[in-house]
S.K.: 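Structure provided below as structure tokens; questions to follow.
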2 protein chains.
Amino acid sequence: MRQISRSRCRENLKSLRDVDAWCKAHGLRGTEGQRVVAKIVLDSRDYPDLDELRRRIATVSPRISLATVYRTLRLLIGLGLIERHTFQERPACYASALDKRQGHLIDTASGRVIEFQSDEIERLEGEIASLLGYRLTGHKLELYGEPIRAPALHRSQVRAPRSSRSR
Amino acid sequence: MRQISRSRCRENLKSLRDVDAWCKAHGLRGTEGQRVVAKIVLDSRDYPDLDELRRRIATVSPRISLATVYRTLRLLIGLGLIERHTFQERPACYASALDKRQGHLIDTASGRVIEFQSDEIERLEGEIASLLGYRLTGHKLELYGEPIRAPALHRSQVRAPRSSRSR
DNA sequence: GTAACTGCAAAGAATTTGCAGTCGC
DNA sequence: GCGACTGCAAATTCTTTGCAGTTAC
């Protein structure tokens, strides 16, 4: 299993030229609205939901409307640039599909999403599908869990106790 | 990998006494509405969506209202008796959680859902979670695929060809 | 100029809730 | 009688759409 290093995981679109070209190639205009929405989603590493996306978008172009956000997201999904995720019990969120990994582990305490890749599981999936008489066209693997070492581990909790030494 | 035999997969509640008792034990009344909704969902093997559920419920007790269906489903989910699934691109559907299997293969052609169990994958999931520092509390595995041999394979298509023998 | 894009407000779909009445124990 | 359950209609939430105006090429 490989965890995806967060630092180098998204191929941070060199400017937006890639997306722009990509859009154009697909009949999109690549207007400001589209570029801003695309850049924000593609550059986000944390699976923001719609509210959070709008907040981030607003810091760049406050005039982009809700409808435009939804419409652009739909376009980008159609192009296969981004994906919409609906993890258990939380609002839909969006993330780049460019560096698509097979699996997501959702930290039920913090909401954090960790991507991972297991070729082993991927192999088994294909095997299962074919045993059942199917050709695999898609898959979704979500793990839900809580951190093993104490909840959350805030910085303030890390301080060593007064007299006894924490092991 | 084990496919779940559809014929013996649900332990078809011997009458509704089980559920009834179970409900009572959890502070539910076990009124007609609750019993009917519970029985219908628990006995269904095909992941019916809300409309379909209401249709089936109506054949038994036509007066059960939409609100009651939703409320009862929520109660049953809370008790861990049933599960709500939201497979890609389709309306939410409900199924028993009593014979919970880890995996679902969704036939994108027919909409059919096939349950399976892979201890191998389950083991890997636990391994991955713990490598990432998490204790697994839940998981979801969905495979999407299309049938390999022609669509659907209806009974009428199974007939042997006129002159050559089908292997 | 045309077709794609946009904002706004209204429409829709799915689900929940407030309320007053009903039912089981 | 009390609290859980119910139907109904209204409310919420999330997302899409109609329309008229704007923009890019």
Side-chain angles (χ1 to χ4, degrees), chain A residues 16-17 19-41 47-55 57-58 60-79 81-94, chain B residues 16-17 19-41 47-55 57-58 60-79 81-94:
Chain A
L16 263 179
R17 228 164 300 134
V19 180
D20 201 37
W22 195 335
C23 287
K24 297 255 167 75
H26 285 269
L28 294 202
R29 270 285 167 73
T31 54
E32 189 196 346
Q34 296 181 331
R35 285 199 318 269
V36 170
V37 174
K39 176 155 181 55
I40 300 256
V41 182
Y47 294 73
D49 64 19
L50 198 94
D51 287 341
E52 181 55 26
L53 271 184
R54 290 202 75 195
R55 232 168 280 133
I57 290 166
V60 183
S61 314
R63 1 199 61 230
I64 294 178
S65 77
L66 176 62
T68 293
V69 175
Y70 271 117
R71 280 192 274 233
T72 305
L73 289 174
R74 195 158 27 128
L75 279 172
L76 295 173
I77 291 171
L79 293 179
L81 278 165
I82 71 175
E83 281 180 334
R84 181 180 188 272
H85 296 276
T86 50
F87 298 126
Q88 224 138 56
E89 311 286 317
R90 33 184 108 237
C93 60
Y94 301 83
Chain B
L16 262 180
R17 230 163 300 133
V19 180
D20 202 34
W22 196 334
C23 287
K24 296 254 165 77
H26 285 270
L28 293 201
R29 269 285 166 74
T31 53
E32 189 196 346
Q34 297 181 330
R35 286 200 317 270
V36 170
V37 174
K39 176 152 181 57
I40 301 254
V41 180
Y47 294 75
D49 64 19
L50 198 94
D51 288 341
E52 181 54 27
L53 272 184
R54 291 203 75 194
R55 232 168 279 132
I57 290 166
V60 183
S61 314
R63 1 199 60 229
I64 294 178
S65 77
L66 176 61
T68 292
V69 175
Y70 272 116
R71 280 192 273 234
T72 305
L73 288 173
R74 202 165 14 137
L75 279 172
L76 296 173
I77 291 171
L79 292 179
L81 279 165
I82 70 175
E83 281 180 335
R84 180 180 188 272
H85 296 275
T86 48
F87 299 127
Q88 224 138 57
E89 311 284 318
R90 33 184 108 238
C93 60
Y94 302 82

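Computation of the quantities below employed the complete heavy-atom set of this structure, encompassing side-chain atoms and omitting hydrogens, waters and symmetry-equivalent molecules. So you know, we letter chains A, B, ... as the sequences are listed, proteins then strands, and number each from 1.
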S.K.: Can you name the side chain to side chain donor-acceptor pair (under 3.5 Å) partners of A:Ser65, sequence neighbours left out?
M.R.: A:Thr68

S.K.: At their closest point, which heavy atom of A:Arg35 faces which heavy atom of A:Gly30, and how far apart are they?
M.R.: NH1-O, 2.8 Å

S.K.: Whether A:Arg74 contacts D:dC14 is assessed here as follows: a side-chain N or O lying under 4.0 Å from the phosphate OP1 or OP2. Is that the case?
M.R.: no

S.K.: Within the structure, does a side-chain N or O atom of A:Tyr70 lie under 4.0 Å from either OP1 or OP2 of D:dT15?
M.R.: yes

S.K.: Not counting sequence neighbours, which residues clear side chain to side chain donor-acceptor pair (under 3.5 Å) with B:Ser61? List them please.
M.R.: B:Glu32

S.K.: Among all residues two or more places apart in sequence or in another chain, which pass the side-chain contact (heavy atoms from CB on, under 4.5 Å) test with A:Ala58?
M.R.: none

S.K.: What pairs with A:Arg90 under side-chain contact (heavy atoms from CB on, under 4.5 Å), at least two apart in sequence or on another chain?
M.R.: A:Phe87, A:Ile106

S.K.: What residues, two or more places apart in sequence or in another chain, satisfy side-chain contact (heavy atoms from CB on, under 4.5 Å) together with A:Leu50?
M.R.: A:Arg54, A:Leu66, A:Val69, A:Tyr70, A:Leu73, A:Tyr94

S.K.: Heavy atoms under 4.0 Å is the rule here; annotate nucleotides 1-7 of chain C 5' to 3' with B where the base is hit, S where only the sugar-phosphate is, and - elsewhere.
M.R.: --BBSBB

S.K.: What parts of residues 83-92 of chain A reach DNA chain D, counting only heavy atoms under 4.0 Å away?
M.R.: A:Arg84, A:Ala92

S.K.: Under the rule for side-chain contact (heavy atoms from CB on, under 4.5 Å), what residues qualify as partners of A:Ile40, not counting sequence neighbours?
M.R.: A:Val36, A:Ser44, A:Leu53, A:Arg56, A:Ile57, A:Val60

S.K.: How would you list, by chain and number, every residue that makes a side chain to side chain donor-acceptor pair (under 3.5 Å) with B:Arg55, sequence neighbours excluded?
M.R.: B:Glu52

